[in-house]
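Remarks on the structure that follows.
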2 protein chains.
Amino acid sequence: MDNQEQLNNLRHTTAHLLAAAVVELFPGAKPTIGPVIENGFYYDIELNKTISEEELPKIEAKMGELVRSWDKAEKREISADEARKIFADNPYKLELINDLEKDNQPITLYKTGNFEDLCRGGHLEKPNQEIKAFKLLSLAGAYWRGDEKNKMLTRIYGTAFSTQEELDNYLNMLEEAKKRDHRRIGQDLGLFVFSDLVGKGLPLLTAKGATIRRELERFVVDEEIRRGYQHVVTPHLAKVDLYRTSGHYPYYKDTMYPPMKIDEEELILRPMTCPHHFMIYKSQTRSYKDLPLKIAELASQFRYEKSGELTGLSRVRTFCLADAHIVAAPEQAKGVIKDVLDLIDYVNKALGLKKREDYRYRLSLGDRSDEKKYYQDDAAWDYAENVLRGVLTETKQPFSEAGGEAAFYGPKIDIQVKTVSGKEETAFTIQYDFVMPKRFDLKYIDKDGKEKEPIVIHRSSIGAFERTMAFLLEHYAGALPAWLSPVQVQIIPITDRQNEYSQKVFEQLLSVGIRAELDDRSEKMQAKIRDAQMQKVPYMLIIGGREQEAGQVTVRTRAGDDLGVMTIDKFISKITEEIKEKKA
Amino acid sequence: MDNQEQLNNLRHTTAHLLAAAVVELFPGAKPTIGPVIENGFYYDIELNKTISEEELPKIEAKMGELVRSWDKAEKREISADEARKIFADNPYKLELINDLEKDNQPITLYKTGNFEDLCRGGHLEKPNQEIKAFKLLSLAGAYWRGDEKNKMLTRIYGTAFSTQEELDNYLNMLEEAKKRDHRRIGQDLGLFVFSDLVGKGLPLLTAKGATIRRELERFVVDEEIRRGYQHVVTPHLAKVDLYRTSGHYPYYKDTMYPPMKIDEEELILRPMTCPHHFMIYKSQTRSYKDLPLKIAELASQFRYEKSGELTGLSRVRTFCLADAHIVAAPEQAKGVIKDVLDLIDYVNKALGLKKREDYRYRLSLGDRSDEKKYYQDDAAWDYAENVLRGVLTETKQPFSEAGGEAAFYGPKIDIQVKTVSGKEETAFTIQYDFVMPKRFDLKYIDKDGKEKEPIVIHRSSIGAFERTMAFLLEHYAGALPAWLSPVQVQIIPITDRQNEYSQKVFEQLLSVGIRAELDDRSEKMQAKIRDAQMQKVPYMLIIGGREQEAGQVTVRTRAGDDLGVMTIDKFISKITEEIKEKKA
């Protein structure tokens with residue numbers, strides 16, 4: 001039995017223990033299902049009262065009490081009729097029993113202590129010896145079977161580890177992740193706000209938040225143009241027909257905004273940009289000399305996300321993607337993908353992210369047997385998969401492979417980043433597409449004068465700005481590199497007598513484009529330093545009488561380092577270099 | 001009688017002449033109304049057949065024939081009953097007669113030659129001597145009384161002048177304006193396209209068009225930030241409730257996109273940005289020290305324009321406005337407006353526009369007796385009007401005043417530009433607003449610790465980028481200043497033997513951020529020069545054997561000037577200076 005299976009059994013039995021404790025404490029409680037999840041478990045229970053997180057310690061205590069007598073986990077297999085008798089007062093279990101019966105599945109019960117549960121197994125052998133370190137984490141509401149037409153149940157999340165030390169480490173990481181939560185940092189640093197009157201999932205970036213975004217945008221646009229991308233600007237909406245042609249509508253209808261009727265036209269906010277770029281491609285005859293044609297845009301996109309899934313800047317209902325569609329001859333695909341990976345490495349390096357440690361690649365393949373989900377063309381899938389795998393191998397990228405994760409129009413490379421809570425997430429993708437060129441009848445005239453069909457590479461270089469901002473804020477715990485910091489320098493006169501000289505220093509910094517603030521409040525220096533540190537301002541220039549006389553400044557970093565006294569010119573050249581080099 | 005009245009009479013009588021000719025040529029035609037408009041006249045006529053512009057000369061010839069016998073214009077006043085008998089077979093005139101009768105207006109007819117028309121007057125005394133120079137210009141469809149539920153009539157546009165010379169000048173100007181039409185230039189220079197699949201009024205900017213836009217955007221954002229504006233990024237949509245609070249909805253409903261239902265929220269694409277900015281203002285407590293707070297944004301906005309009114313980039317259904325809302329104490333208003341006018345002058349100068357010649361100001365006042373259209377608060381109107389008039393006078397701006405043109409929430413200053421067809425148009429506005437602060441309950445804490453109500457200045461600095469681009473393309477007939485040109489330099493090797501050296505020059509230009517193209521086609525030099533001139537590229541670098549040997553280039557301008565031979569470094573410093581200085 002491997003470690004993961006052992007850990008899963010530990011958590012599964014602890015989930016039963018949770019249910020047993022709840023049933024004891026809240027008579028009439030009806031346990032439903034309690035699966036193991038990444039990093040822990042939960043149990044959904046129908047309670048006849050609302051409980052708060054303050055009651056979790058009480059449940060933990062009862063779990064600790066009950067587990068003492070849990071010396072084994074006994075399994076028995078029974079008939080559906082017997083099971084229905086045992087769970088006669090639990091409609092959820094009855095539903096599960098009926099489903100098992102319908103599917104001709106065995107019906108098994110596991111008994112630990114006095115608690116017997118309908119369960120397909122995977123338990124500890126000696127719970128009272130093996131359950132040593134567990135913790136209940138949080139509460140949430142959850143509809144039975146995830147369907148909002150059903151009753152709302154109480155979901156209790158918890159986790160368990162083999163040792164107290166492992167549990168403590170995990171809880172510390174959770175605590176740290178909470179501190180690094182970009183929603184909290186965003187509020188502390190005044191980067192963005194939400195408004196009930198504006199709507200859910202629609203963030204408003206303040207001047208400070210917008211500064212980060214503008215720096216990222218200009219960096220990406222300038223670099224892409226340098227690399228031969230054609231940056232265009234297309235409308236945020238289009239006729240529904242455009243998405244009927246692409247095949248996105250009605251298949252993706254549920255994640256799109258509803259259509260708007262304008263005169264005889266039915267318009268819809270765009271969930272993706274590809275069809276707009278194809279319209280630009282098709283606006284003139286293209287020759288092999290034009291390929292690869294790389295059409296890029298800072299593209300506003302709109303997707304309907306369920307309100308329960310909205311999260312700060314990382315899950316929103318409108319976002320701006322650094323998007324591009326590269327139309328190429330099939331034989332150019334390998335070179336194009338290589339260039340894209342090189343750009344992504346360049347961008348990530350500028351953001352201070354380390355390959356392997358902070359991000360890696362995933363080759364997502366299609367399940368070709370699934371005719372509904374994937375376009376049928378074995379030769380095209382083979383060719384495309386080989387191109388992607390070939391590039392990843394040749395350029396020695398760190399990558400894994402995953403089946404059934406491709407787009408319907410071809411395989412893709414996912415850029416997988418590691419979040420502060422240790423999870424791996426897909427930041428954005430590079431997609432190989434051999435279907436859209438057919439749907440949009442894209443063509444180019446080849447050397448031989450014949451009309452041929454190109455392929456399309458869909459890609460981002462930095463992802464959606466909202467999401468990337470959220471990721472960077474968490475990655476840096478708010479202390480962004482100087483080039484991305486909304487305020488790069490805080491000027492701190494020690495007394496009012498230095499205000500005039502400080503004002504001059506302030507203006508000098510502004511005149512060379514450095515984002516500075518002057519803190520001329522009548523506060524103590526220490527308070528001003530503390531505030532600047534809380535605001536994660538990279539540099540503080542402390543100005544007292546001595547500095548004023550010498551025409552200098554004392555430089556402190558937000559980390560608390562004292563860089564000593566220097567002339568303002570020297571400081572300017574230091575920080576200018578740091579900004580230009582995008583030092584992390 | 002002044003010149004304008006004389007000219008109006010000339011055009012009015014010529015409109016009758018047009019109707020008379022049409023009735024003769026197309027028996028059964030029913031004239032409806034034929035007013036004088038700016039620069040000419042039209043007549044709406046019900047025809048029982050469709051006619052094309054090719055038939056206009058025939059109508060002109062008939063007009064010339066008929067006018068010979070038009071030696072006078074005889075007026076007679078008759079009763080409504082008599083009039084109804086005369087126009088018994090013309091339902092449009094009958095409707096007009098009934099309206100006149102209802103309003104107790106006199107019913108007058110004017111007879112010229114054999115043609116008698118219902119008309120309130122304003123005619124030449126001796127048409128056959130005075131009608132010397134007229135021209136029919138175009139045809140259009142027009143609904144009776146502008147209501148699409150009514151019948152579609154044929155509208156014939158024409159003009160008339162006192163002398164043939166004046167008419168010729170006018171027709172030449174029209175011809176020139178047609179050549180300068182930004183839709184034509186946009187196509188010739190490949191700046192933007194439209195797509196039936198995307199939708200009406202939704203332009204797609206190609207890389208070249210997007211370059212112009214990006215230059216304008218960055219210029220404005222950087223300058224505004226330098227002047228203390230806080231550039232934010234807010235969503236393109238919001239709950240309808242936001243616009244109910246502002247009072248825009250349902251009053252402006254007809255020019256807004258329809259709402260979209262998302263869960264329980266009703267969302268709508270924004271027709272303006274002010275409420276979003278107020279939400280940022282309200283996200284924290286504001287003190288007098290924060291004022292004036294200048295919240296700016298490159299704001300995507302969406303308005304429903306009738307399909308018949310859509311025009312290239314100048315009338316679209318979505319646009320991006322360089323928008324800002326300045327929240328200020330009432331006593332700061334004057335200083336704020338002064339700063340805004342200074343910014344607009346700065347921006348217009350950078351665009352190469354001359355004050356008085358290319359643009360001037362208009363003070364638009366409210367008609368306070370109109371309680372429906374204007375918010376009632378005499379003291380606030382007085383104060384605001386005096387602030388605006390005071391600033392315009394003190395800073396010696398060229399301006400006129402116009403009544404009944406204000407916003408419902410206060411008076412405004414319009415920035416009036418002169419188009420290539422000689423028309424004056426409002427490019428954008430500066431609005432004084434004392435109503436929104438009440439509706440959104442905006443407050444600030446004053447020096448005395450008391451909560452007070454600020455005022456808001458709505459303003460742009462460069463207008464909507466789409467419209468400004470259209471204006472500049474027409475103003476410069478496509479030959480934009482170097483800093484705005486999508487391609488700044490065309491490199492033209494004379495023979496293939498110079499391609500390698502030319503490639504080096506090309507890369508050197510790109511490396512310093514100059515937008516260059518290399519024309520290494522196997523075409524004759526003259527053809528390449530002509531193409532570059534057609535594309536309005538400011539500079540051509542001609543490279544032959546002589547230039548290659550000396551490591552130099554021959555520089556030509558798009559106007560055809562030969563600037564001689566120079567080193568590439570010298571050319572780079574020349575054009576870099578020109579770009580930096582934004583020379584027109």
Side-chain angles (χ1 to χ4, degrees), chain A residues 190 193 195-200 202-211 213-214 218 221-222 225-226 229-239 241-242 245 257-263 265 267 269 275-276 279-280 282-284 295-297 300 302 304 306-307 316-318 320 510 513, chain B residues 190 193 195-200 202-211 213-214 218 221-222 225-226 229-239 241-242 245 257-263 265 267 269 275-276 279-280 282-284 295-297 300 302 304 306-307 316-318 320 510 513:
Chain A
V193 297
S195 152
D196 285 344
L197 262 183
V198 171
K200 288 184 186 136
L202 302 173
L204 294 87
L205 300 185
T206 64
K208 284 184 180 174
T211 299
R213 166 130 167 205
R214 187 169 54 252
R218 291 193 180 182
V221 170
D222 290 347
I225 288 177
R226 209 177 63 73
Y229 282 87
Q230 308 245 323
H231 257 273
V232 304
V233 176
T234 63
H236 307 327
L237 68 178
K239 280 158 72 174
D241 286 344
L242 188 67
T245 305
Y257 278 65
M260 294 166 284
K261 195 110 168 47
I262 294 270
D263 297 343
E265 290 183 347
L267 294 168
L269 287 169
H276 281 92
M279 292 302 105
I280 286 188
K282 281 170 73 86
S283 68
Q284 56 185 95
I295 304 176
E297 182 168 9
S300 285
F302 302 79
Y304 167 69
K306 288 190 184 142
S307 63
V316 287
R317 283 182 175 168
T318 173
C320 179
L510 292 190
Chain B
V193 297
S195 152
D196 285 343
L197 262 182
V198 171
K200 286 182 188 140
L202 301 173
L204 294 87
L205 300 185
T206 64
K208 285 184 180 173
T211 298
R213 166 130 166 206
R214 187 171 52 252
R218 290 191 181 184
V221 170
D222 290 347
I225 288 176
R226 209 177 65 73
Y229 282 87
Q230 308 245 322
H231 258 273
V232 303
V233 176
T234 63
H236 307 327
L237 70 178
K239 280 158 74 174
D241 285 345
L242 188 69
T245 305
Y257 278 66
M260 293 166 284
K261 193 109 169 51
I262 294 271
D263 298 343
E265 290 183 350
L267 294 168
L269 286 169
H276 281 92
M279 292 302 104
I280 286 189
K282 281 171 73 85
S283 69
Q284 57 185 94
I295 304 176
E297 182 169 8
S300 284
F302 302 80
Y304 167 69
K306 287 188 185 147
S307 64
V316 287
R317 283 183 175 168
T318 173
C320 179
L510 292 189

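Letters go in sequence order (proteins before strands), and every chain restarts at 1.
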Could you pull out the closest heavy-atom pair between A:V232 and B:A210, with the gap in Å?
CA-CB, 3.8 Å
Between B:E265 and A:K200, is there a donor-acceptor pair closer than 3.5 Å when you use the side chain of the first and the backbone of the second?
yes
All heavy atoms of A:G199 vs all of B:K239, minimum pair found to be CA-CD, 3.7 Å
Heavy-atom distances under 4.5 Å only: say whether A:L510 touches chain B with side chain, backbone, both or neither.
neither
Separation of B:R317 CZ from A:D263 CG (nearest 0.5 Å)
5.0 Å
Which portion of B:S195 sits near chain A, non-hydrogen atoms under 4.5 angstrom:
side chain
Using the side chain to side chain contact (heavy atoms under 4.5 Å, CB included) criterion, which residues pair with A:S283? Sequence neighbours excluded.
A:R286, B:V193
Heavy-atom contact with chain B under 4.5 Å, split by part of A:P275
neither
If you count heavy-atom pairs under 4.5 Å with chain A, which of B:C320, B:A207, B:G209, B:G513 comes out on top?
B:A207
Between B:V221 and chain A, which part of the residue has a heavy atom less than 4.5 Å away: side chain, backbone, both or neither?
side chain
How close do B:I280 and A:L205 get, heavy atom to heavy atom, and via which atoms?
CD1-O, 3.7 Å
Going by atom types alone, do B:S300 and A:H236 pair a side-chain donor with an acceptor below 3.5 Å?
yes
From the list B:I262, B:T318, B:D241, the residue making the most non-hydrogen contacts under 4.5 Å with chain A is B:I262
Top of A:V233, A:V316, A:T234 for chain B proximity - count of heavy-atom pairs under 4.5 angstrom:
A:V233
Separation between OH (A:Y304) and CE (B:M260), nearest 0.5 Å, reads 14.0 Å
Part of A:L237 within contact of chain B (heavy atom distance under 4.5 Å)
both
Side chains of A:L267 and B:L202: closer than 4.5 Å at any heavy-atom pair?
yes
Between B:S307, B:P235, B:G190, B:P203, which residue shows the highest count of heavy-atom pairs closer than 4.5 Å to chain A?
B:P235
When rounded to the nearest 0.5 angstrom, what distance separates CG in B:L204 from CE in A:M279?
9.0 Å
Does any heavy atom of chain A fall under 4.5 Å from the side chain of B:Y229, the backbone, both, or neither of them?
neither
Proximal component of A:R214, with respect to chain B [non-hydrogen, under 4.5 Å]
side chain
Assert top hit (heavy-atom pairs under 4.5 Å, partner chain B, pool A:L269, A:I295, A:I225) equals A:L269
Best-contacting candidate, B:L242, B:T211, B:D196, against chain A by heavy atom pairs under 4.5 angstrom
B:L242
With a 4.5 Å cut-off on side-chain heavy atoms, are B:T206 and A:Q230 touching?
no
